[in-house]
Amino acid sequence: MVGAIYSNWLEWLPDQLDGLFVSVQLTAAILATGLPLGVLLALGVASPAKPIRWAALVVVELGRGTPAFVILLLVYYGLPQVDVLIPAFACGVIAFGLAMGAYTSEVFRAAFGAVGKVQREAADAVGLTGFDAFRYVTLPQALRIATPALMGWAILFFQATSLCFTIAVPELMTTAYNQGSVTLDFIGAFALAGTLYASISIPASYLVSRLERRLDQQGQGARPRSRRWLRGARTPAPSEG
Amino acid sequence: MSERGLANRSAAEAPAAAASAAGDAPVVRLQDVSKSFGDHHVVREVSLDLRAHEVVSIIGPSGAGKSTLLRCINFLEPPTSGTVSLDGRVICQERDRHGRPSRKELTELRRAIGMVFQGFNLFPHLTVMRNLTLPQERVLGRSRAEAEQRGMELLERMGLADKAGQMPGRCSGGQQQRVAIARALVMDPRVMLFDEPTSSLDPELGAEVLAVMRSLAEGGMTMVVVTHEMHFARDVSDTVVVMADGAEIESGRPEEIFGAPKTERTQRFLSAVMDR
Ligand SMILES: Nc1ncnc2c1ncn2[C@@H]1O[C@H](COP(=O)(O)OP(=O)(O)OP(=O)(O)O)[C@@H](O)[C@H]1O
Ligand SMILES: [Mg+2]
């Protein structure tokens with residue numbers, strides 16, 4: 001085989017960008033499933049009701065102890081065996097969403113702990129219900145504390161979606177694999193895919209470390225009210241009318 | 001219940017007048033309240049009557065159980081035994097199997113009683129104004145506009161109108177504590193609890209807060225104040241309660257307690273704090 005690694009890149013790029021778009025969608029769906037699950041599992045593990053606590057612990061331990069790839073194959077091949085037929089994309093979301101929920105539950109648990117009993121008591125003392133105290137006082141502060149770690153997990157799971165090529169989701173790796181098998185230039189195809197993954201992961205990691213630094217500097221001090229920072233954008237002006 | 005201004009004595013006296021017909025029932029009555037954590041008996045059978053417009057100071061050495069007693073009043077610490085009555089009615093008697101009273105009664109109790117903590121405990125992720133409006137909207141069901149109007153009234157009284165849009169972290173300690181007082185007052189509580197509200201402040205900033213508390217007391221607010229500020233206890237309160245080792249060892253008018261303490265334990269405590 002002759003020719004530079006990138007000799008076919010221009011030709012492949014449009015299809016790979018389509019694949020990348022699917023990867024991003026998959027990641028978004030995994031986040032939309034995994035993060036709420038992580039919050040629920042964190043609450044479940046801290047629940048005073050024993051059955052809930054044990055159920056949550058089992059999910060967390062299994063989710064963290066079993067490789068996400070094994071869960072993926074279990075869902076994809078296992079569910080049809082019991083006559084549950086769902087699209088491959090959904091299998092990816094279920095398997096990785098579960099894994100993400102298990103991993104991030106630890107992050108949320110630590111963040112809830114960091115917000116602390118004192119804030120909860122202040123909310124109690126003004127008469128907020130438990131749900132309102134959680135919704136308006138604990139959760140927003142915990143999310144802020146947890147954001148850098150959660151973004152770290154999001155980047156890892158974005159990369160892990162490449163495993164979905166084994167279950168024929170038309171994401172980036174699947175596209176690259178198909179291009180490679182047609183041309184037998186696997187090196188070139190996978191190198192382009194790797195470059196595309198990195199073009200998202202590296203800036204995202206950089207953003208995480210910047211956000212971490214900024215949160216460290218701010219400490220417990222002034223906190224912006226807008227949620228824009230959650231998306232990693234500029235910190236807005238701290239005051240608001 | 002009608003809205004009442006803090007300095008509005010006549011409106012404030014209406015419920016008290018009704019109560020006096022029923023034998024002058026105190027607003028809050030603690031009967032034999034005890035609290036233990038495991039084997040550790042932190043509060044031992046303390047009884048206390050709090051009448052409308054009365055200011056009670058609780059003093060005593062560190063670890064005496066003052067904070068715990070105060071927190072029993074609004075059930076931040078549910079008492080292990082004994083009862084808390086609000087307007088002559090025992091409240092939060094029924095408990096679930098975790099020892100927690102019903103949500104409805106707890107909310108009723110906490111709507112009637114505001115609390116100010118040593119560490120301010122403002123919500124750091126919300127602006128000063130949002131700290132004041134959130135509980136009004138969620139607990140009292142006020143509209144945002146009503147809540148902001150009431151919030152601004154209180155901020156103006158605290159001399160903090162210009163801080164409405166600030167994050168609490170940008171305010172000085174004294175300002176934060178006054179915001180915390182405002183956060184309790186916007187709820188139009190019948191009773192205010194203060195747990196060493198000036199202990200984490202420099203004397204100068206503490207003075208701002210004490211001034212606010214004095215004017216509240218003069219306006220007729222019913223208050224229970226745990227404090228190490230002996231001047232405040234002596235000058236502002238109607239009744240001083242001395243606690244040691246979880247028990248109330250003496251109580252009376254400030255002149256009695258500071259002028260002629262009856263027990264040796266009180267004398268020892270007072271001479272220690274007065275000599276400082
Ligand atoms: N949640 C808790 N669990 C276990 N022990 C507690 C708890 N809260 C308070 N205590 C103990 O109860 C005792 C009294 O505490 P409390 O805070 O009521 O004292 P205090 O009179 O307010 O003291 P200080 O003047 O130092 O604030 C202390 O020995 C404390 O360690
Ligand atoms: Mg205390």
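Letters go in sequence order (proteins before strands), and every chain restarts at 1. Computed from a predicted structure; not experimentally measured.
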request  = For B/E208, enumerate each residue passing the side chain to side chain contact (heavy atoms under 4.5 Å, CB included) test, keeping only those at least two apart in sequence or located in another chain.
outcome  = B/R178, B/L205
key: Neighbour count >12 (heavy atoms, 6.0 Å) for atom CZ, A/R53   = yes
request  = Using a cut-off of 6.0 Å, state whether more than 12 heavy atoms not belonging to A/Y206 lie near its atom OH.
outcome  = no
key: Any residue of residues 115-122 of chain A which, by heavy atoms, sits under 4.5 Å from chain B   = A/K117, A/V118, A/Q119, A/E121, A/A122
request  = Of all the heavy-atom pairs spanning B/L76 and A/D124, show the shortest one and how long it is.
outcome  = CD2-CB, 3.8 Å
ask   = Any idea which of B/N74, B/L134, B/T107 has the most non-hydrogen atom pairs under 4.5 angstrom with chain A?
value = B/L134
key: Top contributor to chain A contacts, counting heavy-atom pairs under 4.5 Å, from B/F117, B/F120, B/F75   = B/F117
message = For A/Y136, is there any backbone N or O sitting under 3.5 Å from a side-chain donor or acceptor partner on B/H125?
response = yes
remark   = Minimal heavy-atom distance between A/A125 and B/M115, with the atoms involved, is CB-CB, 4.2 Å
ask   = Checking heavy atoms, do the side chain of B/R138, its backbone, both or neither come under 4.5 Å from chain A?
value = both
request  = Against chain A, label B/L122 side chain, backbone, both or neither, depending on which of its atoms sit under 4.5 Å from a heavy atom there.
outcome  = backbone
task = First locate atom OG1 of A/T129, then atom NZ of B/K104, and finally report the distance between them rounded to the nearest 0.5 Å.
result = 15.0 Å
message = For B/I113, which atoms come within 4.5 Å of any heavy atom of chain A: side chain, backbone, both, or neither?
response = backbone
